[in-house]
Amino acid sequence: MDEKQAKIRIEKLINEINRHNHLYYVLNKPAIDDYAFDQMLEELITLEKQFPQYADSLSPTQRVGGAVTKKFNSVKHLTKMLSLDNTYNADELKAFHNRVVKALGTEPEYVCELKIDGVAISIHYENGKLTQAVTRGDGVQGDDVTANVKTIRSIPLVLQGDNHPNKLEVRGEIYMPVKIFEKLNRQLREELSEKGLNEDEMGELLFKNPRNSAAGTLKLQSSKEVSKRKLDAYLYALLCNPTPADTHYENLQMAHQWGFRINEHAKVCKNINEVLDFIAYWENKRHALDYDTDGVVIKVNHYSQQKQLGETSKSPRWAIAFKYKPAQVSTLLVDIVCQVGRTGAITPVAHLKPVILAGTTVKRASLHNAGFIEEMDLRIGDTVWVEKGGDIIPKITGIVWPKRDLFSKPFEFIRNCPECNTPLVQREDEANHYCPNESGCKPQILGKMIHFISRKAMNIESLGEKTIEQLYQNGKVYSYADFYDLTYEDIVQLEGFKEKSTQNVLTGIAESQNVPFHRVLYALGIRYVGETVARKLANHFKNIHSLKNATFESLCEVEEIGEKIAESIVRFFSDEHHCTLIERLEKAGVQMELDEEENKKHSNKLEGKTFVISGVFDQFSRDELKELIQKNGGKNTGSISKKTDYLLAGNNAGPEKLKKAEDLSIPLLNESAFLRMIE
Ligand code: IVH
């Protein structure tokens with residue numbers, strides 16, 4: 001294909017892909033299957049690589065992200081981004097209506113819209129092309145999040161049709177669909193639990209609700225990561241001069257024609273009673289939607305009337321928000337049951353009489369720890385208030401006091417482990433109780449073994465949770481070191497096992513001897529030692545013996561190892577039982593030192609490529625990265641020039657380097673993208 005043909009083909013592909021993106025993400029009416037779509041995208045990616053002179057920052061290939069924003073520039077809004085006054089009941093809403101009628105001298109038409117619980121955004125278009133996206137900030141100025149917003153498929157990069165104004169600003173709400181939020185938190189929970197964090201510690205790090213999660217995502221430095229998170233958006237306001245129509249509702253329809261996603265439930269209401277009906281209708285129905293809503297926004301429809309009403313310094317007089325009360329119900333607290341986790345942490349859980357709350361049946365609520373129960377004076381048999389205030393896990397927010405049984409007794413927190421009866425301990429700086437019987441308490445034993453075989457640890461997939469449980473019941477395994485003593489007979493007699501499946505398990509165990517040291521370290525299940533920390537420790541201490549002998553102080557000196565992790569490592573190795581397990585693993589042939597040879601291994605994957613490194617990285621130090629570049633045939637230089645192929649940019653990369661890379665169109669790589677290159 002010559003240059004001219006390529007240009008034509010690229011333009012055609014961009015148009016087609018944009019059209020299908022719009023059909024899929026905005027209109028919800030896909031016209032082709034995913035495969036055909038991906039094929040077009042692949043072709044475009046290839047052509048843009050081949051003919052970089054036609055690569056465009058607004059090409060649909062840019063939706064997958066790539067740009068890294070180190071610092072979000074502050075941008076002043078052309079028109080202040082106001083907020084809305086809130087009302088909480090029909091009387092307050094009628095008072096608003098009366099004020100409007102009095103000022104206008106007539107009853108206006110309203111538009112009711114669902115109030116989406118996300119992050120407000122202002123997006124600018126010039127000549128139909130997206131130029132800038134800015135968060136609300138304090139209303140006067142916000143942050144430039146253009147690179148991240150461009151990854152949101154339902155926000156057009158280029159407007160449809162040709163009747164749009166040359167200069168246009170749209171405002172709307174970016175949100176995270178509830179399903180995506182739940183999935184993200186599930187993954188995060190898995191990662192945190194693999195590090196051995198307990199429920200309370202995880203609670204602090206997990207996203208509280210979809211709004212929080214959308215806000216956090218929009219401020220991520222890596223747009224690639226944002227792209228993966230699948231944010232979505234609804235537009236609810238149009239700023240241009242002149243406006244295409246005289247009413248808000250018609251303008252929304254116009255914006256829809258230009259390619260924007262507009263909430264389909266927006267409704268014109270002829271009078272205040274219709275507004276009240278809309279509010280009543282959505283009070284419960286809203287819970288079935290795939291996005292969080294916390295109320296209804298009521299807007300005067302005609303622009304001329306909006307203008308007449310004007311605005312205060314904070315909010316318009318022509319609009320108001322009606323906020324729903326957080327969904328709340330009362331139900332019986334049937335029992336408080338304490339669960340034991342892999343780390344021995346005890347989590348009390350409330351068992352409730354099942355009740356429907358915000359569209360889902362609630363049977364359980366987390367009670368965090370003994371202190372929480374004591375402070376609330378929660379008692380079994382109480383009727384309690386359960387609330388779902390945007391958070392996914394329902395909370396007990398109070399006791400229905402008149403229903404308290406006068407003869408009930410305060411809840412006595414358990415003193416012994418519910419699984420193994422060992423007296424519980426409480427460490428000075430932690431709210432949770434712990435069962436210290438690490439090597440004799442069933443959920444702790446099983447939890448540790450399950451962690452050991454997991455994919456990112458020893459990856460013994462042929463040994464599943466159920467098999468481990470059976471082996472434990474049969475008295476064959478009590479710790480992960482026991483896996484290496486298993487015989488053919490031990491396994492073949494298990495339910496569902498035959499010759500081949502037995503052999504698979506044995507092969508899986510044998511092959512785990514090749515798992516590199518850093519993953520073995522992770523597999524040991526030392527509290528707070530996740531994958532990244534394990535890699536750092538392996539690189540620094542080289543083998544298990546120097547790690548075992550490391551003092552608290554020397555551990556703290558290692559990059560990214562704080563006091564909490566250091567203390568946990570020291571505590572782990574001061575336990576004789578752990579040392580015996582490690583000795584047994586070592587004897588069984590498990591890797592207990594860094595394979596320098598493996599580490600030195602050369603490849604030519606980066607041959608001919610020149611890298612500049614800037615910033616701080618998560619998994620490797622800069623020196624380690626330099627070494628990796630060299631080992632794989634690449635070259636590392638200090639400053640950016642035309643000859644540079646990639647800027648490997650970590651956190652706080654130098655702004656000058658970033659700018660120069662942008663000027664010279666040198667692609668940025670983050671750490672994980674780089675690692676994928678040499679994988
Ligand atoms: S109109 C001047 N419409 O609610 C009025 N806001 O304080 C501008 N919101 O942060 C807002 N859904 O981001 C409007 N359909 C909707 C909305 C909406 C959610 C957010 C908005 C703002 C907050 C109101």
Side-chain angles (χ1 to χ4, degrees), residues 77-88 92-93 96 100 108 110-123 133-143 145 149 152 154-155 169-178 209-215 217-219 231-240 243 247-253 255-256 260-269 275 278-279 281-282 285-286 289-303 305-324 390:
H77 296 297
L78 295 178
T79 317
K80 198 173 160 190
M81 281 183 91
L82 299 173
S83 65
L84 293 167
D85 272 350
N86 291 325
T87 54
Y88 296 91
E92 286 177 19
L93 184 62
F96 160 79
V100 169
Y110 291 109
V111 176
C112 283
E113 293 166 18
L114 292 171
K115 188 168 186 299
I116 319 271
D117 210 3
V119 187
I121 193 80
S122 144
I123 313 173
V134 186
T135 61
R136 177 174 183 275
D138 61 4
V140 176
Q141 55 186 34
D143 288 335
V145 286
V149 166
I152 303 174
S154 58
I155 294 180
E169 180 184 347
V170 290
R171 290 181 178 176
E173 199 81 353
I174 289 179
Y175 68 90
M176 183 172 280
V178 177
N209 50 47
R211 172 168 38 83
N212 241 299
S213 187
T217 302
L218 212 52
K219 295 303 264 311
L231 293 173
D232 213 331
Y234 278 120
L235 276 306
Y236 54 64
L238 211 61
L239 281 79
C240 55
T243 48
T247 65
H248 170 64
Y249 190 78
E250 282 171 292
N251 279 320
L252 287 185
Q253 306 314 313
H256 187 55
F260 292 104
R261 191 157 169 263
I262 309 295
N263 191 283
E264 60 274 34
H265 303 302
K267 185 173 183 272
V268 177
C269 293
V275 171
F278 184 93
I279 292 171
Y281 177 84
W282 283 105
K285 287 260 193 317
R286 71 199 171 104
L289 299 168
D290 190 28
Y291 42 87
D292 268 358
T293 52
D294 58 346
V296 171
V297 183
I298 300 113
K299 301 173 180 173
V300 168
N301 194 16
H302 280 268
Y303 280 151
Q305 291 181 328
Q306 287 189 5
K307 221 176 256 163
Q308 217 176 319
L309 289 158
E311 56 201 37
T312 69
S313 62
K314 278 202 227 121
S315 50
R317 289 200 192 87
W318 46 263
I320 199 137
F322 179 95
K323 300 265 270 204
Y324 291 119

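Note that the structure is predicted; figures quoted are calculated from it, not measured. Each ligand, and each atom within it, is numbered from 1 in the order the structure gives. Any value given below was found using the heavy atoms of this structure, including those in side chains, with hydrogens, waters and symmetry copies removed.
Classification of R211 and D294 as a salt-bridged pair fails, no side-chain N sitting under 4.0 Å from a carboxylate O.
Here the closest non-hydrogen pair linking V134 and H77 is CG1-CE1, 3.6 Å.
Annotation: side chain of S154 is not in contact with side chain of L231 (no heavy-atom distance under 4.5 Å).
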For ligand 1, output the ligand-protein N/O contacts shorter than 3.5 angstrom; if there are none, return none.
| from | atom 1 | to | atom 2 | distance (Å) |
| --- | --- | --- | --- | --- |
| ligand 1 | 3 (N) | K299 | NZ | 3.1 |
| ligand 1 | 4 (O) | K115 | NZ | 3.2 |
| ligand 1 | 7 (O) | L84 | N | 3.1 |
| ligand 1 | 12 (N) | I116 | N | 3.1 |
| ligand 1 | 13 (O) | E173 | OE1 | 2.3 |
| ligand 1 | 13 (O) | Y236 | OH | 2.8 |
| ligand 1 | 15 (N) | E113 | OE1 | 2.8 |
| ligand 1 | 15 (N) | L114 | O | 3.4 |

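Relative orientation of the F322 and Y324 rings is perpendicular, given thresholds of 30° and 60° on the angle between their planes.
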Run the numbers on Y234 and Y291 for ring-ring contact (aromatic ring centres under 6.0 Å, His included), then give the verdict. CA-CA 11 Å; Y234 278 120; Y291 42 87; 5.4 Å; yes
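Interatomic distance, K219 NZ to T135 OG1, rounded to the nearest 0.5 Å: 5.5 Å.
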